Chemist: 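Okay, here's the structure, questions in a sec.
Values below: every heavy atom of this structure, side chains too, minus hydrogens, waters and symmetry copies. Computed from a prediction, not measured in an experiment: that's the story for all the values here.
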Amino acid sequence: MVKYKLVFFSILFFSCASKKQNEEKLLYIEDIRNSNSTLRMDGFYYKDSSSEFEKSIDVFLLFKEGILVNEGRYNSVSNNYCLIDTKKENTIENAINNYKSRLIQLKRFNDLPSSCKILENDLDGKGVYSIKNDSIILQFFKSDFKKKNKDSLNDYFLQEHQGVVLNDSIFKIFKVINYRDNNSIDVNFIYKFSKDSNKPILDSKEILNKIY
């Protein structure tokens, strides 16, 4: 009886565990490692994602090993418990400074809540990129409900951004692909570089092993 219970709970555990989806769409790892990146790596890239009511930015961290972290959105005035010493100024500059305060926390403090850290063993937001000539492809996994629009456990679904490198500090994204729904949209996203010495050092090998 104990044996059957162990088998049952093992099946339950593996059926509930988060899984990577759309893996067949991932870039070949050789394309990542041979990527001839001309982009600066000593900081972060952001785009203006402001709404009618609040200035905000979306952020990517790119690393020379070919990995990336989609850091998501950082606002100018909304509260965020992962930030320190923030001001309530509704400007793009303040949204950038708010994100910079996050990088300071990541570098200086080890006792941050897990939700504020960049965890190498958590696939959410982690991905890879490839640059060939002036073309750039960024891919990353995002955590979402296994059953779309229904309360359920999460899986990781692949997204892709396609674009062009304009210079060593700017790239433009013109297409976003959501492989979960197998659809794409044309966009005009301009990502600009901001230098920051507090950019975290990550274990690229662990992240690549998690992705592939």
Chemist: List the steps, then state whether side-chain contact (heavy atoms from CB on, under 4.5 Å) holds for F140 with D124.
Modeler: CA-CA 8 Å; F140 55 93; D124 189 32; over 6 Å; no

Chemist: So how far is it from F145 CZ to F157 CZ, rounded to the nearest 0.5 Å?
Modeler: 11.0 Å

Chemist: Could you tell me whether the side chain of N75 and the main chain of V77 form a donor-acceptor pair under 3.5 Å?
Modeler: no

Chemist: To the nearest 0.5 angstrom, please state how far the NZ atom of K210 sits from the CD1 atom of I67.
Modeler: 14.0 Å

Chemist: NZ of K19 to CG of L153: how many Å apart, nearest 0.5 Å?
Modeler: 11.0 Å

Chemist: Under a 4.0 Å threshold between the charged nitrogen and the carboxylate oxygen, would R102 count as salt-bridged to E71?
Modeler: yes

Chemist: Side-chain contact, heavy-atom cut-off 4.5 Å: K142 with N70?
Modeler: yes

Chemist: Counting neighbours of CD1 on I201 that are heavy atoms of other residues, nucleotides or ligands and sit closer than 6.0 Å, is the number greater than 12?
Modeler: no

Chemist: Could you check whether any side-chain heavy atom of K100 comes within less than 4.5 Å of a side-chain heavy atom of S194, counting everything from C-beta outward?
Modeler: yes

Chemist: Between Y45 and Y191, is the gap from one ring center to the other below 6.0 Å?
Modeler: no

Chemist: Please determine whether residues I118 and L112 belong to a single hydrophobic cluster, defined as Ile, Leu, Val, Met, Phe, Trp and Tyr linked transitively by side-chain heavy-atom distances below 4.5 Å.
Modeler: yes

Chemist: Is it true that I211 and I131 fall in one hydrophobic cluster, defined by side-chain heavy atoms closer than 4.5 Å?
Modeler: no

Chemist: Do you know the tightest heavy-atom contact between P200 and L103?
Modeler: CD-CD2, 3.8 Å

Chemist: Quick check for you: to the nearest 0.5 Å, what is the distance between N90 atom CG and S76 atom OG?
Modeler: 4.0 Å

Chemist: Ring pair (Phe, Tyr, Trp, His ring centres under 6.0 Å) with F44: which of F193, Y74, Y99?
Modeler: Y99

Chemist: Are the side chains of F63 and L68 in touch, meaning some heavy atoms are under 4.5 Å apart?
Modeler: no

Chemist: For the residue pair Y179 / E160, report whether a side-chain donor-acceptor contact shorter than 3.5 Å exists.
Modeler: yes

Chemist: Determine, for D168 against R40, whether the closest basic-nitrogen to carboxylate-oxygen distance falls under 4.0 angstrom.
Modeler: no

Chemist: Of all the heavy-atom pairs spanning N198 and D196, show the shortest one and how long it is.
Modeler: N-OD1, 2.8 Å

Chemist: I'd like to know if the side chain of N133 reaches the main chain of S135, judged simply by a donor and an acceptor atom lying under 3.5 Å from each other, with no hydrogens or angles considered.
Modeler: no

Chemist: Is it true that a side-chain atom of S204 and a backbone atom of E65 form a donor plus acceptor pair closer than 3.5 Å?
Modeler: no

Chemist: Would the number of heavy atoms belonging to other residues, nucleotides or ligands and lying under 6.0 Å from CG of D181 be above 12?
Modeler: yes

Chemist: Can you tell me how far CZ of R73 sits from CD1 of I57, rounded to the nearest 0.5 angstrom?
Modeler: 10.5 Å

Chemist: Please answer whether the main-chain N or O of K146 pairs with a side-chain N or O of Q21 as donor and acceptor at a distance below 3.5 Å.
Modeler: no

Chemist: Does D58 reach the main-chain N or O of D48 with its side chain, forming a donor-acceptor pair under 3.5 Å?
Modeler: no

Chemist: Determine whether L61 and L83 fall in the same hydrophobic cluster, where Ile, Leu, Val, Met, Phe, Trp and Tyr are linked whenever their side-chain heavy atoms lie under 4.5 Å apart.
Modeler: yes

Chemist: Has N97 got a side-chain atom pairing as donor or acceptor with E93's backbone, closer than 3.5 angstrom?
Modeler: yes

Chemist: Which heavy atom of S50 sits nearest a heavy atom of S56, and at what distance?
Modeler: OG-N, 3.2 Å

Chemist: Once rounded to the nearest 0.5 Å, what's the spacing between atom OG of S130 and atom CG of D31?
Modeler: 5.0 Å

Chemist: Is it the case that one hydrophobic cluster holds both Y156 and L208, taking links as side-chain heavy atoms less than 4.5 Å apart, direct or via other members?
Modeler: yes

Chemist: State whether a side-chain donor-acceptor pair under 3.5 Å links S143 with N154.
Modeler: yes

Chemist: When you compare the side chain of I190 with that of I173, does any pair of heavy atoms fall below 4.5 Å?
Modeler: no

Chemist: Taking atom types as modelled and ignoring hydrogens, do the side chains of S78 and E54 form a donor-acceptor contact shorter than 3.5 angstrom?
Modeler: yes

Chemist: Would you indicate whether K88, at its atom NZ, is surrounded by more than 12 heavy atoms from other residues, nucleotides or ligands within a distance under 6.0 Å?
Modeler: yes

Chemist: What is the minimum heavy-atom distance between N22 and L158, and which atoms define it?
Modeler: OD1-N, 3.0 Å

Chemist: With clusters defined by side-chain heavy atoms of hydrophobic residues (ILVMFWY) lying less than 4.5 Å apart, directly or transitively, does L27 cluster with I29?
Modeler: yes

Chemist: Between F174 and H161, does the ring centre distance come in under 6.0 Å?
Modeler: no

Chemist: Sub-3.5 Å donor-acceptor pair from the side chain of D155 to the main-chain atoms of K20, do we have one?
Modeler: no

Chemist: Examine K47 relative to F60 and say whether NZ or CZ is less than 6.0 Å from the centre of the six-membered ring and inside a 45° cone about the ring axis.
Modeler: no

Chemist: Quick one: do D42 and K199 make a salt bridge, cutoff under 4.0 Å?
Modeler: no

Chemist: Between the main-chain N or O of D122 and the side-chain N or O of K126, is there a donor-acceptor pair closer than 3.5 Å?
Modeler: yes

Chemist: Looking only at heavy atoms, which two atoms of L39 and V165 are closest? And how far apart?
Modeler: CD2-CG1, 3.7 Å

Chemist: So does K205 get a backbone contact from the side chain of N209, meaning a donor-acceptor N/O pair under 3.5 Å?
Modeler: yes

Chemist: Measure across T91 and K55 and return the closest heavy-atom pair with its distance rounded to 0.1 Å.
Modeler: C-CB, 3.6 Å

Chemist: Could you check whether Y81 and S115, counting side-chain N and O atoms only, form a donor-acceptor pair closer than 3.5 Å?
Modeler: yes

